[in-house]
Asker: 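Here it is: the structure, laid out below.
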Amino acid sequence: MAVDVILGLQWGDEGKGKIVDFLADKYDLVCRFQGGPNAGHTIKIAGKKYVLHTIPSGVFREGIINIIGNGVVLDPITMVRELTSLDEAGIDYRDRLLVSKKAHLILPTHRYLDAASEASKGEGKIGSTLKGIGPAYMDKTGRNGLRVGDILSPDFEQKYRSIRQKHMGLIRLYPEVQFDLEGEEKKFFEGLESLRSLKFVNSEYYINHALTDGRKILAEGAQGSMLDIDFGTYPFVTSSNTISAGVCSGLGIAPNRIREVIGIAKAYCTRVGSGPFPTELMDQTGEKLRAVGHEFGATTGRPRRCGWLDVPQLLYTIMLNGVTQIIITKLDVLDTFEQIRVATHYSYEGVQSSEIPFEITDIPISPVWEDISGWNTSLDGIHEYHQLPDKARAYISRLEKLLSTPISMVSTGPEREKLLPR
Ligand code: GDP
Ligand code: IMO
Ligand code: MG
């Protein structure tokens, strides 16, 4: 069987968690392929809200196996907190949650380094979630990292001491930041003990055997394509490949196994942290989008920057990912806007273009707008796509045309059932 992928087409927080949870029961396995606890995937079921950081969003569907892939960086401290909240909610995940032995560990000193590195950047800071993501991936590519499978090795503690020493040397090069290393190390080693109760697997074999046996797999992305380490708005990006190519390296899946690439985009656009955002609105409309859309980070609580939908940006990420269908989320947030705008082109250095320039972080970019009439009515209580107001359907049709990609569903609320197939 094949693998379908769900990933974010903007700067993260597109509503991936909700969509993965909704679609998960059509699959046998849900697998996270990159990122770590910088992600915050929100799922609302029966009035209760859950936020997942490392655990795949298929965990609420009975009988579905959830795998944390080799491409993920895992912090035992956050992981245990997540497990505890699932235990408290009465979710039985024990036999259905598997962790790749090749997933890398985030150590307390990675978070310490993240904080110190950001402090050293001053005005130029990335706006990192400070979860240790960058330093953990640096150790992975620098061939210094510790992996989940290493926890079982008798000399784990010795390996830990050696890398800790290296990190302490680096930390001295940075400005001083507050960090309770002793306290965090205590939590880290306690976390490792709890982690041992989960099943560690050679996930590349597990997943490929499942494929051969005809099982259906959903790969769950974190962050968004504009935060991709290679193709995002570098250096204001995360440290992993968030695009569909990351599925191959982050799970051990061959490219010819990938079938549908389902891109998730909000009906408008948000970004949290620093970096270019061509359609950002610094006015009351931006504030209204933030207030109505409750645009505050699921991981850090920071206010998200808001703006209108950006067609050149979406065309870029549709191209990079090979998107076969799009799901538009948060359509309901636009309910009270008389007029909606989308950027169809960019204008920079005296030319109009629909391409993202290399210099995006350095030159001013003005969006070329198209105005679309709003529907000005609540989408609450609508259960079928055809019941949507004409103007809401016209907005979706216009986007589909501008993006030359089918829009298969629209989401009209945070709850699991508020999703309308077309
Ligand atoms: P993710 O990181 O892509 O999973 O997205 P987040 O969970 O960080 O942010 C999406 C937010 O929007 C969450 O608070 C969701 O509950 C909420 N959400 C998802 N879909 C919809 C929708 O269609 N309408 C509204 N109003 N909220 C939504
Ligand atoms: P989900 O999966 C939105 C942003 C951070 C920062 C940059 C680098 O919930 O969509 P990092 O912690 O990786 O060093 O931060 O990336 N960022 C996210 N923004 N959603 C996310 O994940 C994000 N994960 C990281 O705000 O600008
Ligand atoms: Mg999020």
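Note that ligands are numbered from 1 as they come in the structure, with each ligand's atoms numbered from 1 the same way.
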Asker: Under 4.0 Å between a side-chain nitrogen and a carboxylate oxygen: does that hold for Lys131 and Asp75?
Answerer: no

Asker: For atom 4 (O) of ligand 1, find the nearest protein heavy atom and state the residue, atom name and distance (0.1 Å precision).
Answerer: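 Closest protein heavy atom to atom 4 (O) of ligand 1: Gly17 N, 2.9 Å.
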
Asker: Contact between Lys266 and ligand 1, counting heavy atoms under 4.0 Å?
Answerer: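 Not so, Lys266 does not reach ligand 1.
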
Asker: Give me the residue, atom name and distance of the protein heavy atom closest to atom 7 (O) of ligand 1.
Answerer: Thr42 OG1, 2.6 Å

Asker: Under 3.5 Å, which donor-acceptor pairs link side chains of residues 261-270 to any protein atom two or more places apart or in another chain?
Answerer:
from	atom 1	to	atom 2	distance (Å)
Lys266	NZ	Asp13	O	3.0
Lys266	NZ	Thr270	OG1	2.9
Lys266	NZ	Glu295	OE1	3.0
Lys266	NZ	Glu295	OE2	3.1
Tyr268	OH	Glu295	OE2	2.5

Asker: Under a 4.0 Å heavy-atom limit, does Gln10 contact ligand 1 with its side chain, its backbone, both, or neither?
Answerer: neither

Asker: Sort out the contact shell of ligand 2: every protein residue with a heavy-atom distance below 4.0 Å, listed by chain and number.
Answerer: Trp11, Gly12, Asp13, Lys16, Asn38, Ala39, Gly40, His41, Ile126, Gly127, Ser128, Thr129, Ala222, Gln223, Leu227, Val237, Thr238, Val272, Gly273, Arg302

Asker: Could you list which atoms of ligand 1 come closer than 4.0 Å to a heavy atom of Arg304?
Answerer: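 Those of ligand 1 that fall under 4.0 Å from Arg304 are 8 (O), 9 (O).
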
Asker: Quickly, which of Leu192, Val201, Leu105 forms a side-chain contact (heavy atoms from CB on, under 4.5 Å) with Val148? Name it, please.
Answerer: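 That would be Leu105.
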
Asker: Return yes when atom NZ of Lys49 has more than 12 non-hydrogen atoms of other residues, nucleotides or ligands closer than 6.0 Å, and no otherwise.
Answerer: no

Asker: Among the heavy atoms of Gly413, does any lie under 4.0 Å from an atom of ligand 1?
Answerer: yes

Asker: Any idea which protein heavy atom is nearest atom 10 (C) of ligand 1, and the distance to it?
Answerer: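 The protein heavy atom lying closest is Asp13 O, 3.8 Å.
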
Asker: Grab the two heavy atoms, one from Leu86 and one from Val59, that are nearest each other, plus how far apart they are.
Answerer: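 So the minimum-distance heavy-atom pair works out to CD1-CG2, 4.0 Å.
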
Asker: When you measure from atom 24 (N) of ligand 1 to each heavy atom in Leu379, Leu331, Thr329, Asp332, which option holds the nearest one?
Answerer: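 Minimum heavy-atom distance to atom 24 (N) of ligand 1 goes to Asp332.
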
Asker: So among Ile6, Asn66, Ile43, which one has a side-chain contact (heavy atoms from CB on, under 4.5 Å) with Ser57?
Answerer: Ile43

Asker: What's the shortest heavy-atom distance between Ser274 and Gly127, and which atoms?
Answerer: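 Smallest heavy-atom distance, with atoms named: OG-N, 3.7 Å.
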
Asker: What do you reckon, is CD of Glu338 surrounded by more than 12 foreign heavy atoms closer than 6.0 Å?
Answerer: no

Asker: For the Mg ion (ligand 3), check which protein N, O or S atoms are under 2.8 Å away and list them.
Answerer: Asp13 OD1, Gly40 O

Asker: Return the OG1 to CD1 distance between Thr238 and Ile133, rounded to the nearest 0.5 Å.
Answerer: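 That separation rounds to 6.0 Å.
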
Asker: If you look at every heavy atom in Pro56 and Glu220, which pair is closest and at what distance?
Answerer: CA-OE1, 3.3 Å

Asker: Working to the nearest 0.5 angstrom, can you tell me the gap between Ser397 OG and Ile407 CD1?
Answerer: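 Here the interatomic distance stands at 8.0 Å.
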
Asker: Walk me through it: do Ser249 and Asn241 pass the test side chain to side chain donor-acceptor pair (under 3.5 Å)?
Answerer: CA-CA 9 Å; Ser249 56; Asn241 278 120; 5.5 Å; no

Asker: Only one of His104, His167, Lys166 clears side-chain hydrogen bond (donor to acceptor under 3.5 Å, both in side chains) with Asp139; which?
Answerer: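 Only one of His104, His167, Lys166 forms a side-chain hydrogen bond (donor to acceptor under 3.5 Å, both in side chains) with Asp139, namely His167.
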
Asker: Got the closest protein heavy atom to atom 11 (C) of ligand 1, with its distance?
Answerer: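 Answer for atom 11 (C) of ligand 1: Lys330 NZ, 3.6 Å.
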
Asker: Would Gly40 count as a contact of ligand 1 if the rule is a heavy atom under 4.0 Å away?
Answerer: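 It does, in that a heavy atom of Gly40 comes within the 4.0 Å cut-off of ligand 1.
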
Asker: For ligand 1, which atoms, with element, lie under 4.0 Å from some heavy atom of Lys18?
Answerer: 20 (N)

Asker: Quick one: does Glu14 get within less than 4.0 Å of ligand 1, heavy atoms only?
Answerer: yes

Asker: Evaluate the criterion side chain to side chain contact (heavy atoms under 4.5 Å, CB included) for residue pair Thr285 and Trp308; output intermediate values, then yes/no.
Answerer: CA-CA 9 Å; Thr285 309; Trp308 293 121; 3.5 Å; yes

Asker: Hey, can you pull the donor-acceptor pairs under 3.5 Å for the side chains in residues 353-362, sequence neighbours left out?
Answerer:
from	atom 1	to	atom 2	distance (Å)
Ser353	OG	Tyr348	OH	3.3
Ser353	OG	Glu355	N	2.9

Asker: Could you pull out, from Gln223, Lys16, Lys418, the option with a heavy atom nearest to atom 3 (O) of ligand 1?
Answerer: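 The nearest heavy atom belongs to Lys16.
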
Asker: Counting heavy atoms only, which of Pro414, Ser411, Gly297 comes nearest to atom 23 (O) of ligand 1?
Answerer: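 Result: the heavy atom closest to atom 23 (O) of ligand 1 is in Ser411.
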
Asker: Please report the interatomic distance CG(Leu218) to CZ(Arg61), rounded to the nearest 0.5 Å.
Answerer: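 That separation rounds to 11.5 Å.
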
Asker: Using a 4.0 Å heavy-atom cut-off, which part of Thr412 comes near ligand 1: side chain, backbone, both, or neither?
Answerer: backbone

